[in-house]
Structure formats: structure tokens, C-alpha cells
Visitor: 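Supplied in C-alpha cells, the structure appears directly below.
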Amino acid sequence: MNILRLSLFFVFCVLLSCTHGGLRIEELDQPLADIEKAVLDSLPVGKREVSLNGREFFSDYFVVVEKKARAAGRTNVRYYAHVYVLGDRRPYSVEGVIRKQVREASTLGPEYEEAGVDDYLTIVLVKKLKAALSKGRVDRNVIDDFRVF
């Protein structure tokens, strides 16, 4: 009986440790500006919103047509990317998730309701983000980006 309780406690702790339901990239020792640029470059169809503290990024709504993300019009199912930059200093962690929304009728007219997380699209997003982060500082101009203070 104690083993059952211990295993249930372990499962409960694991479920609580998943903060947002997405995939996480740990131990990023890059400047925050580089991470933000990589996140913006990896969003499927561009950014819709960035939080006030600059640590949460939301993509525009999109649909997947022939394995490509396209801007969503008034479709019944749409997706959006939600990326978090976690940590107050280096090393940072980045967590990304693709959320699905379904259009449902309501008293005020059709509204979109959250319908969970799309695991496959989340994996694609995180792979794209890892690729953008691994490019690193190759594209940067070291002289212009140098700051004395």
C-alpha cells in the first residue's frame, strides 16, 4: 500500500513539474537579445504579441496546409505558438508549445475555445528554435554590437 502511495506521489510531482505543457530547452548561455531574436525567427507566421516583460511570445494564428503554416482566416480550427523565456539571468531556459483552438457556437456568436496542445507541431517548433539558437552569433556584426559598458 505504501508503494502505491509513493508511486502516486511521484506521478503527481512529475505532472506538477510540467509548467506549461510544452518542450523545454535548458541551459542557454546566450545573451537574452540573441534568444529573443531566435524566438521571433522561429515563430510560424510572425508574432502577434509580446508580453510587457519581453519573456512571452505569441505567434499569429495559423493553420497547417500541406505541411506549411499559413495565416488563419475564419477557420474552425487554428493554432498559435506560445514561447516562454524562463530565468532572470544566464543560463536561460526556453519553453515552447503549440496550442490548438476550436471554433464553437456561443450566445455571443462563434468563439474560439482552447482545445489542448498539438504535440507534433510543438516538436517542430522546438526543433526550429534549436536550429535558430545554434546558428549563434554567425550573423552578427561584432564591431557594431560591442558595448563598452
Visitor: Could you state the interatomic distance from CG (Leu43) to NE2 (His82), rounded to the nearest 0.5 Å?
Guide: 10.5 Å
Visitor: Using a 3.5 Å distance criterion without hydrogens, assess whether the side chain of Ser93 forms a donor-acceptor pair with backbone atoms of Glu26.
Guide: no
Visitor: Where the side chain of Arg103 meets the backbone of Arg74, is there a donor-acceptor pair that is under 3.5 Å apart?
Guide: yes
Visitor: What closest approach, in Å, do Leu133 and Gln30 show between heavy atoms, and which atom pair accounts for it?
Guide: O-NE2, 2.9 Å
Visitor: Using the six-membered ring of Tyr84, assess whether NZ or CZ of Arg55 lies under 6.0 Å from its centre and within 45 degrees of the ring axis.
Guide: no
Visitor: From Asp29 CG over to Arg89 CZ, what is the distance, rounded to the nearest 0.5 angstrom?
Guide: 12.5 Å
Visitor: Less than 4.5 Å apart, side chain to side chain, heavy atoms only: is that true for Arg24 and Leu86?
Guide: yes
Visitor: Does any N or O in the side chain of Ser42 come within less than 3.5 Å of the main-chain N or O of Val39, such that one atom is a donor and the other an acceptor?
Guide: yes
Visitor: Indicate if Ile98 and Val63 have the same hydrophobic cluster label, given that clusters are the connected sets of ILVMFWY residues with side-chain heavy-atom separations under 4.5 angstrom.
Guide: no
Visitor: So which atom in Val126 and which in Gly96 form the shortest heavy-atom distance, rounded to 0.1 Å?
Guide: CG2-O, 4.3 Å
Visitor: Take Gln101 and Glu114 through the side chain to side chain donor-acceptor pair (under 3.5 Å) test and state the conclusion after the steps.
Guide: CA-CA 5 Å; Gln101 290 185 331; Glu114 294 291 326; 2.9 Å; yes
Visitor: Hey, does the side chain of Ser59 reach the backbone of Pro44 with a donor-acceptor pair shorter than 3.5 angstrom?
Guide: no
Visitor: I want to check something: taking the side chain as every heavy atom from C-beta on, are Val83 and Leu125 in contact at a cut-off of under 4.5 Å?
Guide: yes
Visitor: Within the 4.5 Å heavy-atom criterion, are Phe58 and Tyr80 side-chain neighbours or not?
Guide: yes
Visitor: Which value, rounded to the nearest 0.5 Å, describes the distance between Ile123 atom CD1 and Leu23 atom CG?
Guide: 6.0 Å
Visitor: What is the minimum heavy-atom distance between Leu121 and Asp118, and which atoms define it?
Guide: N-OD1, 2.9 Å
Visitor: Could you check whether Arg70 makes a cation-pi contact with Phe62, meaning its NZ or CZ is under 6.0 Å from the centre of the six-membered ring and within 45° of the ring axis?
Guide: no
Visitor: Starting at CG of Asp41, measure out to CD of Glu36 and round the result to the nearest 0.5 Å.
Guide: 12.0 Å
Visitor: I want to check something: taking the side chain as every heavy atom from C-beta on, are Tyr61 and Arg48 in contact at a cut-off of under 4.5 Å?
Guide: yes
Visitor: Looking at Tyr112, I'd like to know if the NZ or CZ of Arg78 sits under 6.0 Å from its six-membered ring centre while staying within 45 degrees of the ring's axis.
Guide: yes
Visitor: Please determine whether side-chain contact (heavy atoms from CB on, under 4.5 Å) holds for the pair Leu40 and Phe57, giving the CA-CA distance in whole Å, both sets of side-chain angles, and the decisive distance to 0.1 Å.
Guide: CA-CA 8 Å; Leu40 291 174; Phe57 302 86; 3.8 Å; yes
Visitor: So Asn76 and Val102, do their side chains get closer than 4.5 Å, heavy atoms only?
Guide: no
Visitor: In Å, rounded to the nearest 0.5 Å, how long is the span from OH of Tyr92 to CG of Leu28?
Guide: 10.5 Å
